Amino acid sequence: MHKWFANIGRYFLMLKSVFSKPERISIYYRQTIREIESHGIGSIGIVAVISVFVGAAITIQTDFNIENPWLPRYIIGVTVRDSLLLEFSSTMVGLVIAGKSGSSIASEIGMMRVTEQIDALEVMGINAAAFLVLPKLIALVIFLPILCALSVAVGLLGGYLVCLIGDVIPVSDYIYGIQYVFYPYYLAYAMFKAACYGFLITTIASYFGYHVEGGAVQVGRSSTRAVVISSILILMTDLILTNIILH
Amino acid sequence: MIRLEHIYKKFDDRYVLNDITVNLEQGKCNLVIGESGSGKTVLMKSVVGLAEVDQGEIWYAERNFTRMERHERQELRKEMGMLFQGGALFDSMTIEDNVMFPLNMFTRDTYSSKLDRVNFCLDRVGLKQVNRMIPAELSGGMKKRAAIARAIAMSPAFLFCDEPNSGLDPKTAIKIDNLIHEITTEYNITTVVNSHDMNSVLEIGDRVIYIYEGCKCWEGTKEEVLHTDNEELNNFVFATRMAQQIKREG
Ligand SMILES: Nc1ncnc2c1ncn2[C@@H]1O[C@H](COP(=O)(O)OP(=O)(O)OP(=O)(O)O)[C@@H](O)[C@H]1O
Ligand SMILES: [Mg+2]
């Protein structure tokens with residue numbers, strides 16, 4: 001218990017130094033672009049693949065669950081769209097990126113810690129926490145909402161494909177359904193959640209990497225722990241945000 | 001000049017540094033020698049603030065380092081260069097980017113003048129045609145030399161080298177030692193070198209500080225090292241059979 005409080009304290013101390021004034025804006029900017037490339041652009045593929053399958057699966061499942069002759073068939077399109085928007089896309093993107101980028105951030109920073117590269121930064125007079133974490137943080141907070149929107153689109157495409165190929169509902173019903181009473185607010189909500197997850201993933205992964213002591217084994221362990229903890233916190237945050245915002 | 005006053009540092013309940021008081025002089029190579037595990041690295045890290053001391057004060061000229069705020073330390077550190085025992089090169093960057101990194105961070109020079117500086121530093125440590133390589137492609141000794149190049153890139157006023165020549169062949173080792181010594185006298189900087197290599201001691205030890213089990217056991221010059229009657233130091237200096245023989249004959 002005592003250890004948990006110490007960890008939380010150190011986490012906020014790290015955040016404090018992350019948000020101090022950067023030494024050189026131009027270098028941070030360049031670094032941020034690089035992080036967007038690796039953690040953002042580099043994740044489009046996996047997010048797209050997963051989303052298309054999940055979209056297809058949700059469509060089939062919704063069709064299976066709503067076998068009510070009183071309800072119009074396009075309701076399935078509406079349900080698929082809303083469950084992607086309200087829950088699936090943001091959570092899925094969060095968990096996928098927690099696994100992919102979270103572990104890579106934790107092990108990258110952890111490796112830099114154990115090989116004294118972080119000490120080398122500090123001795124040069126550079127705020128190592130800010131230099132390492134801030135570009136990643138900006139990259140993920142900006143790019144996770146984009147990935148989330150992409151995931152919604154590709155998920156809907158997955159549903160479309162399954163209507164086209166399989167024996168679910170007529171394509172025209174599906175198309176009508178996903179356009180039926182669309183609240184743009186839902187999309188903003190999904191993207192906002194994704195941005196929160198981006199913040200959680202980066203800061204937690206960085207925290208675990210930054211405070212590694214030891215060697216390769218500890219680096220591996222802390223990157224696992226970063227993924228586990230950020231996944232749990234993503235789901236908890238999801239619950240809290242859903243409760244606050246949708247109620 | 002750097003002045004250490006009654007430095008104590010403990011890990012768990014074990015004192016690793018025990019009441020160390022010493023002046024590290026400007027324009028000289030201050031050699032800290034001692035067996036493996038005697039506390040040299042911990043001492044150096046305490047001096048640059050990577051480890052917090054438990055007691056005692058560290059003065060950089062008239063500035064009290066131990067009482068500085070984080071941003072004040074950051075300012076002071078721009079005047080420091082440090083070579084880590086393991087090199088600590090940034091392994092995602094090329095050697096050129098490694099050496100240029102502090103220049104990019106703190107100077108507003110043009111790219112070509114920074115590149116000139118990088119090549120000058122790499123040339124000084126005897127590295128050629130490695131600009132585009134990444135650290136993993138260099139040998140251990142080359143990494144060390146690249147790390148020295150990075151440490152001197154900003155023309156520091158305080159240079160810290162943790163075992164600059166361990167893992168190098170004797171010829172290169174002496175070259176590196178002489179390089180450090182040259183830079184020290186040329187730019188009149190305060191240099192601290194950790195070493196357990198007697199060759200370095202005799203080559204560049206303007207001032208020699210002997211650490212034994214975390215205590216400062218002896219200090220003097222390289223000439224005095226060979227004629228001391230301090231028992232621990234004698235055991236350290238004349239550890240090899242060859243050295244003992246030379247002493248007996250000499
Ligand atoms: N982070 C740490 N936690 C606990 N003990 C430590 C830590 N760092 C160093 N020590 C202990 O401090 C002592 C001095 O270590 P130090 O690294 O300073 O030795 P050294 O003189 O540099 O040796 P070498 O010549 O082998 O590099 C060792 O006994 C080591 O176990
Ligand atoms: Mg050491």
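Every chain is numbered from 1 and lettered A, B, ... according to where its sequence line falls, protein lines coming before strand lines. Fair warning: this is a prediction, and the values are worked out from it, not measured in the lab.
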List the atom of B/Met105, the atom of A/Phe131, and the distance in Å for their closest heavy-atom pair.
->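 Shortest heavy-atom contact: CE-CD1, 3.6 Å.
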What closest approach, in Å, do B/Asn104 and A/Ile27 show between heavy atoms, and which atom pair accounts for it?
->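 Between these two residues, the closest heavy atoms are O-CD1, 3.4 Å.
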Would you check if there is a donor-acceptor pair between the side chains of B/Asp91 and A/Gln117 at a distance under 3.5 Å?
->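 Their side chains do contain a donor-acceptor pair, which is all the 3.5 Å distance test asks for.
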At a heavy-atom separation under 4.5 Å, does A/Met112 approach chain B through its side chain, its backbone, both, or neither?
->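 Only the side chain of A/Met112 comes within 4.5 Å of chain B.
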Check each atom of A/Ile126 against the heavy atoms of chain B and say whether the ones under 4.5 Å are side chain, backbone, both or neither.
->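 Backbone plus side chain of A/Ile126, per the 4.5 Å heavy-atom cut-off to chain B.
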Between [options], which shows the greatest number of heavy-atom pairs under 4.5 Å with chain B?
options	answer
A/Met111, A/Glu23, A/Glu108, A/Lys21	A/Glu23
A/Thr115, A/Ile118, A/Asn127	A/Asn127
A/Ser26, A/Ser17, A/Ala120, A/Ser20	A/Ala120

Give, for atom CE of A/Met124 and atom CZ of B/Phe101, the distance between the pair rounded to the nearest 0.5 Å.
->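 Reported to 0.5 Å precision, the distance equals 6.0 Å.
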Where does B/Leu83 contact chain A at under 4.5 Å (heavy atoms): side chain, backbone, both or neither?
->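 Neither part.
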Would you say [atom1] of [X] has more than 12 non-hydrogen atoms from neighbouring residues, nucleotides or ligands within 6.0 angstrom?
X	atom1	result
A/Glu213	CD	no
A/Met236	CE	no
A/Phe192	CZ	no
B/Phe158	CZ	yes

If you count heavy-atom pairs under 4.5 Å with chain A, which of B/Met154, B/Lys45, B/Glu75, B/Arg73 comes out on top?
->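 Most pairs with chain A among the choices: B/Lys45.
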Which of the residues B/Met80, B/Gln74, B/Glu79 is involved in the greatest number of heavy-atom pairs with chain A at under 4.5 angstrom?
->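 Option with the greatest count: B/Gln74.
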Any Lys/Arg nitrogen of A/Glu122 or B/Arg70 sitting under 4.0 Å from an Asp/Glu carboxylate oxygen of the other?
->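 B/Arg70 and A/Glu122: salt-bridged.
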